[in-house]
Amino acid sequence: MTTVSRRKLLTRGAELIGVAAVGSAPLALATPTPGRRIPFGACVNEGAFARDVAYRDALTTYCQQVTPEGGLFWAGLRPARDRFDFEFADRVQNFAQANGMTMRGHALVWYAAMPDWTKQIGSAAEAEREMALHIERVVTRYRGKIKTWHVVNEPIGDPTGDVAPLRPSIWLRYLGEDYIEKAFRLAHQCDPDAELLLNEYDVESINAISTPRRQALLRLIHHLLSRGVPLHGVGLQGHIRGRDEIDGDGVRSFVAEVQSLGLSVHVTELDVIDDSLPAPIAARDAIVAARAYDFLNAIFAAARPSVIATWGITDRYTWMPMWYKRKDGQLNRPLPLDESYRPKPLWSVIDYFCQRAAS
Ligand code: XIL
């Protein structure tokens with residue numbers, strides 16, 4: 001049984017960086033509940049998966065669920081308009097099956113990771129045709145194998161003041177806001193048994209953007225449900241901004257509302273952005289773990305998520321330096337295992353919540 005004390009994490013982090021406290025009010029240690037564990041999942045990096053045996057071992061040691069990092073993006077699947085390349089996604093699927101794991105689908109419709117040829121799409125009819133073809137080919141191929149899909153990824157845009165609009169994309173440009181509804185209906189037609197999710201980030205922190213983004217996401221959820229759209233759950237990515245405190249009340253009431261609407265809640269891409277955290281490793285790891293603790297604790301205050309998944313498994317392979325490289329030249333440390341595959345305090349936090357009941 002793993003135990004983790006947020007107080008200890010915070011004290012250690014604070015001690016090492018010489019501040020009084022990090023995070024919100026300390027909480028007493030809760031005892032993990034025996035019983036069904038929440039599956040832990042991670043995305044799979046293509047190069048590491050192909051070349052690094054230790055990487056594959058880490059996946060089989062820790063994960064009950066995987067998703068190919070970029071293998072189900074349009075850019076990964078559709079190098080040309082008339083060609084689908086399922087090679088990497090299939091390899092991850094076979095690996096999952098061989099090792100008794102499930103695979104989740106990320107993501108059918110997103111504004112980013114679009115192949116160049118999609119710039120030629122020039123009308124609503126063409127956009128709808130391509131979206132329908134894509135969803136039909138991809139969802140049908142993995143019917144019965146991928147049971148949960150991130151149907152629309154990151155629909156909410158950057159807020160202006162306290163209003164967050166939908167994020168610009170070729171889908172919004174040509175199909176208007178109905179693109180979201182269309183995507184869900186198409187996916188449902190192709191696999192009526194699949195669990196269909198909206199997946200979103202930057203909704204959990206105390207800063208200028210999280211609250212309007214969370215409110216916009218909630219409005220979108222209500223709108224879709226009021227129109228009978230087959231939306232079954234919400235993915236909180238959890239790319240946590242390490243410098244900002246977690247908005248515990250905001251997250252808890254959001255999750256409570258989502259749950260009261262009959263939707264499931266998933267933690268889909270957890271990692272902690274550490275570009276502006278202090279350099280000393282023990283302090284940094286403690287703050288990273290404490291932020292994740294606060295985030296998961298707020299979710300669990302309202303509901304037990306269906307999965308806790310991180311965006312990668314080891315600091316050796318992470319997308320983070322693409323966007324959040326540290327200026328001091330040190331490696332980012334956002335994930336549960338360090339670059340030598342040793343479990344970090346973040347892993348203890350995740351392991352603890354995987355066995356914890358909702359409070
Ligand atoms: C990132 C991948 O990790 C990168 O390899 C890729 O180049 C860009 O996308 N939110 C998401 C993920 O939903 O798909 C993103 O993944 C990280 C942010």
Side-chain angles (χ1 to χ4, degrees), residues 41-52 55 59 63 65-79 85 87-89 91-92 103-116 118 134 138 146 148-158 164 166-169 171 180 183 196-205 209-210 213-214 217 220 233-242 265-275 292 295 305 307-325 331-337 339:
C43 77
V44 178
N45 176 281
E46 184 165 6
F49 186 70
R51 289 188 298 272
D52 187 340
Y55 182 77
L59 294 175
C63 298
Q65 185 167 102
V66 282
T67 195
E69 184 166 12
L72 291 165
F73 289 161
W74 280 58
L77 280 176
R78 301 186 66 183
D85 177 359
E87 208 266 332
F88 177 48
R91 266 192 296 132
V92 175
M103 170 154 129
R104 65 195 292 120
H106 174 84
L108 293 171
V109 176
W110 192 27
Y111 75 96
M114 295 295 280
D116 270 352
T118 57
H134 185 87
V138 179
I146 293 183
T148 303
W149 274 105
H150 302 168
V151 178
V152 177
N153 195 35
E154 305 182 346
I156 307 300
D158 301 328
L166 291 178
R167 188 171 290 286
S169 65
W171 312 118
I180 299 174
L196 306 181
L197 268 56
L198 278 174
N199 197 40
E200 193 50 91
Y201 74 109
D202 260 348
V203 293
E204 62 274 335
S205 300
I209 54 177
S210 278
R213 286 175 52 75
R214 198 170 59 243
L217 181 60
L220 175 60
V234 178
L236 297 177
Q237 293 186 357
H239 295 293
I240 297 173
R241 294 188 185 268
V265 178
H266 305 232
V267 176
T268 54
E269 306 182 22
L270 182 63
D271 53 15
V272 180
I273 300 169
D274 68 335
D275 59 340
F295 176 57
V307 68
I308 299 176
T310 46
W311 203 241
I313 182 132
T314 160
D315 295 336
R316 184 180 278 261
Y317 306 106
T318 158
W319 71 297
M320 196 140 294
M322 285 169 46
W323 285 78
Y324 304 103
K325 204 175 172 61
L331 294 179
N332 294 95
R333 298 179 64 84
L335 287 166
L337 307 183
E339 70 286 359

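Just so you know, ligand 1 is whichever comes first in the structure, and atom 1 is the first atom listed for that ligand. The figures that follow rest on heavy atoms only: side chains count, while hydrogens, waters and symmetry mates do not.
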Between Leu72 and Trp149, is there a side-chain heavy-atom distance shorter than 4.5 Å? yes
Ignoring hydrogens and angles, state whether a donor on the side chain of Asn199 or Thr268 is under 3.5 Å from an acceptor on the partner side chain. yes
Would you check, one step at a time, whether the test side chain to side chain contact (heavy atoms under 4.5 Å, CB included) holds for Val307 with Thr148? CA-CA 11 Å; Val307 68; Thr148 303; over 6 Å; no
With a 4.0 angstrom cut-off on heavy atoms, strictly below it, pick out the residues next to ligand 1 and order them by chain and number. Glu69, Phe73, His106, Trp110, Asn153, Glu154, Gln237, His239, Glu269, Trp311, Trp319, Met322
Examine Arg241 relative to Tyr201 and say whether NZ or CZ is less than 6.0 Å from the centre of the six-membered ring and inside a 45° cone about the ring axis. no
Taking the six-membered ring for Trp, is the centroid-to-centroid distance between Trp323 and His239 below 6.0 Å? no
Parallel, tilted or perpendicular, as decided by the 30° and 60° cut-offs, for the rings of Trp74 and Trp171: tilted
